[in-house]
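Here is the structure we will look at.
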Number of protein chains: 2
Amino acid sequence: MAVTIKDVAKLANVAPSTVSRVIANSPRISEKTKVKVREAMEKLGYHPNFHARSLANKSTNTIGIVMPSSANKSFQNPFFPEVIRGISSKAYQENYGLYLSTGQTEEEIFQEVVHMVQGGRVDGIILLYSRVNDKIMPYLQQQKFPFVLIGRPYNEEIHSITYVNNDNYKAAKTVTEYLLLLGHRNIAFIGGELDFVVAVDHKKGYEQALKNAKIPIREEYIISHHELEQGGEDAIIQLMSSSVPPTALIGLDDIMTFGLLKMFSEMGIRVPDDISIVSFNNVLISELSSPPMTTVDINIFGLGFEAMKLLVEKIKEPTKEVKSVIIPHKLVKRQTCKALNRSEKKDE
Amino acid sequence: MAVTIKDVAKLANVAPSTVSRVIANSPRISEKTKVKVREAMEKLGYHPNFHARSLANKSTNTIGIVMPSSANKSFQNPFFPEVIRGISSKAYQENYGLYLSTGQTEEEIFQEVVHMVQGGRVDGIILLYSRVNDKIMPYLQQQKFPFVLIGRPYNEEIHSITYVNNDNYKAAKTVTEYLLLLGHRNIAFIGGELDFVVAVDHKKGYEQALKNAKIPIREEYIISHHELEQGGEDAIIQLMSSSVPPTALIGLDDIMTFGLLKMFSEMGIRVPDDISIVSFNNVLISELSSPPMTTVDINIFGLGFEAMKLLVEKIKEPTKEVKSVIIPHKLVKRQTCKALNRSEKKDE
DNA sequence: GTGAAAGCGCTAACAG
DNA sequence: CTGTTAGCGCTTTCAC
């Protein structure tokens, strides 16, 4: 049996409560007893029992991380490790532990969240994604359980939600405008499933930029990630065979763009000479593609770090309204974009 | 205040202990009361308190995952997400939760492990790396705490350690032999820090294959990952400028190989025409490099899955000796290797 | 089959 | 400043 507070108390000749106070470093204990107790703890190799503490305290110093589905392919996307790195970094500073969801289906994950919350397993939750019509957020709200969303709540009205997000609408708009500025008029867009709020925002930004430029939106230029995964190269072949093939393309994220670059290279379509590409995220390997990709750095680490910071605030002061945060993004220009009107020039 | 077992007991007109038995689905409770109690639980929305259970049970149904340093760059390596996916998948099946280490330095991580163990926070631990002279493993052994290592213990004598590993020695040997078979005689090797056991094994396999083929080992052909990170391209420039430049190269892992491919492409060195490359891991994006890389698939998911499986066995039967497992690897031939003696032929 | 009661290890009034 | 006591919510003997 592990050594408990009582053993320490006995050895130090004090009451268990005194030991407890020493652990909490209560100012109402004399230096002398503190030293005595600490020596006893040292000698016995005492470590407080986590569950006993949590039970008495009603606080666990643990936060739950809810992933879209840790056990599916999406976890392969470097976004998740990186955002967890950010969370982890702040969590360590604040003395919080990290508990991971493991469910695979939406329903499994929902049940896990219920268990975390009702079972008092965690003090707060960070949601790593925001999905349209998700059950988890309303549940958390109704339970008045502290949580922070990475992304943006779908329903604008829900004002009480604290979230950390990029301005994805603006990022997509800027990126489109950038291509426009380079002289491109036929810009395709490969978006994510419109289930995810980020995909909705990207698409809106893209469309708005075109609208402002008075360029009609062509349905055949808009492809969903889903189609791509399903049909392999088919969607791209079709896209590039339109009556007016696009000269530029906006990719959902860097990973998908890697795939795109490969397809184009196999088809003999040169990037950026034949088509310019820009994508989102700027994960570590983005600069290693050939050619290195132009992409929007969304500061993934920062998203995680800030989310954890806000969550701690919420936990510490449950009454206080914690305001959401927008993490700035930044276009990182590398070599997948080229001005259209000087396509002869070798170097951009 | 959350609804407790007492509330349920009151509503169902039974004793708390009976409710507890219903939760555990004890056979000594009549069907009738079970139904009655379950109805009460349903009506009140009862969920057992996790910490109270853990405290009374002395078991948490949680396992700790120890990463080299979740908050540093290494987590960007897709190996970690993927191995966690494997662990996660099995953990969900077995009803275990996942707790993540967050420390950054070796010492911080060690302290976290001590807390997890002594604080009774987890029932077992999976170590995601094996490092030479690591303090954690000896500690865990001495505490007789259930753990499984992903990788191989450095010290062969330590027989009592359960681990899940690839045969990295053989993988490296095979890979070298493969290049030899293709006619290469000048094969360079970029290894990881010899701190990590896997790097040691790779190097041994490489050297043994050369020895068997009676090819002398050249010091200038062996580069450490570390040098690469430090000097950027310098190490590669130097390598390719040797009196006899290598015609083939073995890369530490896919991510590093991405970088390598980029450097070569920038230097106008063609892969595989001028140099063949083979690496390890086969992460998801490996097939997206240009050219797609030849690499050893080590079944990362399987490593995690199996580790979790073994750990559960250990936890359930602490006395039983649980034998270690070697996960088979497989060379995945793509397009970064070419036979030397027919360098004219376009297709391999 | 079910209830009463002790206890898991710690904290937090309440005394003094 | 420190000790006594009750209790966090659950499990588990031991009775009946």
Side-chain angles (χ1 to χ4, degrees), chain A residues 1-41 44-62 95 115-123, chain B residues 1-41 44-62 95 115-123:
Chain A
M1 187 57 43
V3 24
T4 80
I5 215 171
K6 281 188 191 166
D7 304 320
V8 177
K10 208 165 287 172
L11 182 63
N13 260 313
V14 294
S17 51
T18 303
V19 178
S20 175
R21 290 190 187 101
V22 173
I23 295 172
N25 201 14
S26 158
R28 301 156 53 200
I29 299 286
S30 73
E31 253 337 290
K32 216 176 102 209
T33 23
K34 277 189 186 172
V35 171
K36 195 171 60 177
V37 170
R38 291 211 179 100
E39 270 170 5
M41 299 199 319
L44 296 175
Y46 169 78
H47 283 267
N49 179 292
F50 170 68
H51 299 290
R53 275 194 115 170
S54 301
L55 189 57
N57 270 339
K58 286 166 166 343
S59 113
T60 68
N61 268 262
T62 305
N95 254 291
H115 280 123
M116 288 189 210
V117 173
Q118 304 288 350
R121 191 163 192 160
V122 298
D123 295 342
Chain B
M1 186 57 43
V3 25
T4 79
I5 215 170
K6 280 186 191 167
D7 305 320
V8 177
K10 208 165 286 171
L11 183 63
N13 260 316
V14 294
S17 48
T18 303
V19 178
S20 175
R21 291 192 186 99
V22 174
I23 294 171
N25 201 13
S26 158
R28 302 158 53 200
I29 299 287
S30 72
E31 251 338 290
K32 214 175 105 211
T33 23
K34 277 190 186 173
V35 171
K36 195 172 58 177
V37 170
R38 291 207 180 101
E39 270 170 6
M41 300 200 315
L44 297 175
Y46 169 78
H47 285 266
N49 179 292
F50 170 69
H51 299 291
R53 271 195 118 167
S54 300
L55 188 58
N57 270 338
K58 284 160 168 351
S59 112
T60 68
N61 268 263
T62 305
N95 253 291
H115 281 123
M116 288 189 212
V117 172
Q118 304 288 352
R121 192 164 191 159
V122 299
D123 294 342

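Proteins come first, then strands; the chains are lettered A, B, ... in the order of their sequence lines, and each starts at number 1. The structure displayed is predicted, hence computed values, not measured ones.
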Q: Report the residue from A/I29, A/D7, A/V8, A/T33 that forms a side chain to side chain contact (heavy atoms under 4.5 Å, CB included) with A/V19.
A: A/V8

At 4.0 Å (heavy atoms only), tell me whether [X] reaches a base, stays on the sugar-phosphate, or touches nothing.
X: B/S20; answer: base
X: A/V19; answer: nothing
X: A/Y46; answer: sugar-phosphate

So if I take every side-chain heavy atom of [X] and compare against [options], which nucleotide ends up nearest?
X: A/R21; options: C/dG9, C/dC14, C/dT2; answer: C/dC14
X: B/P48; options: C/dG3, D/dC10, D/dG9; answer: D/dC10
X: A/L55; options: C/dT11, D/dC8, D/dC10; answer: D/dC8
X: B/A56; options: C/dG1, C/dG9, C/dC8; answer: C/dC8
X: A/N57; options: D/dG3, C/dA12, D/dG9; answer: C/dA12

Less than 4.0 angstrom between a side-chain N/O of [X] and OP1 or OP2 of [N], yes or no?
X: A/S54; N: D/dC8; value: no
X: B/T18; N: C/dT2; value: no
X: B/K58; N: C/dG9; value: yes
X: A/R53; N: C/dT11; value: yes

Q) Under 3.5 Å, side chain of A/D123 to main-chain N/O of A/S59, donor-acceptor pair present? A) no

Q) Is the base of D/dT2 touched by the side chain of A/R28 through a donor-acceptor pair closer than 3.5 angstrom? A) yes

Q: Extract the stems that DNA chain C is part of, considering only consecutive pairing runs of at least three Watson-Crick or G-U wobble pairs, both distances under 3.5 Å.
A: C:1-16 with D:1-16

**Q.** Residue pair A/R121 / B/T62, side-chain donor-acceptor N/O under 3.5 Å
**A.** yes

(Q) Please find the pair of heavy atoms, one from A/P27 and one from A/K34, that lie closest to each other, and give the distance. (A) CA-NZ, 4.4 Å

Q) Can you name the nearest heavy-atom pair linking A/G45 to A/V3, along with the distance? A) O-CG1, 3.7 Å

Q. Taking the nucleotide of DNA chain C with the closest heavy atom to each, which residue, A/S17 or B/S17, is nearer the 5' end?
A. B/S17

Q: Map B/A52 and B/T33 onto DNA chain C by nearest heavy atom, then report which one ends up closer to the 5' terminus.
A: B/T33

Q.
With side chain to side chain donor-acceptor pair (under 3.5 Å) as the rule and sequence neighbours excluded, what pairs involving residues 47-56 of chain B come up?
A. A/H51-B/H51

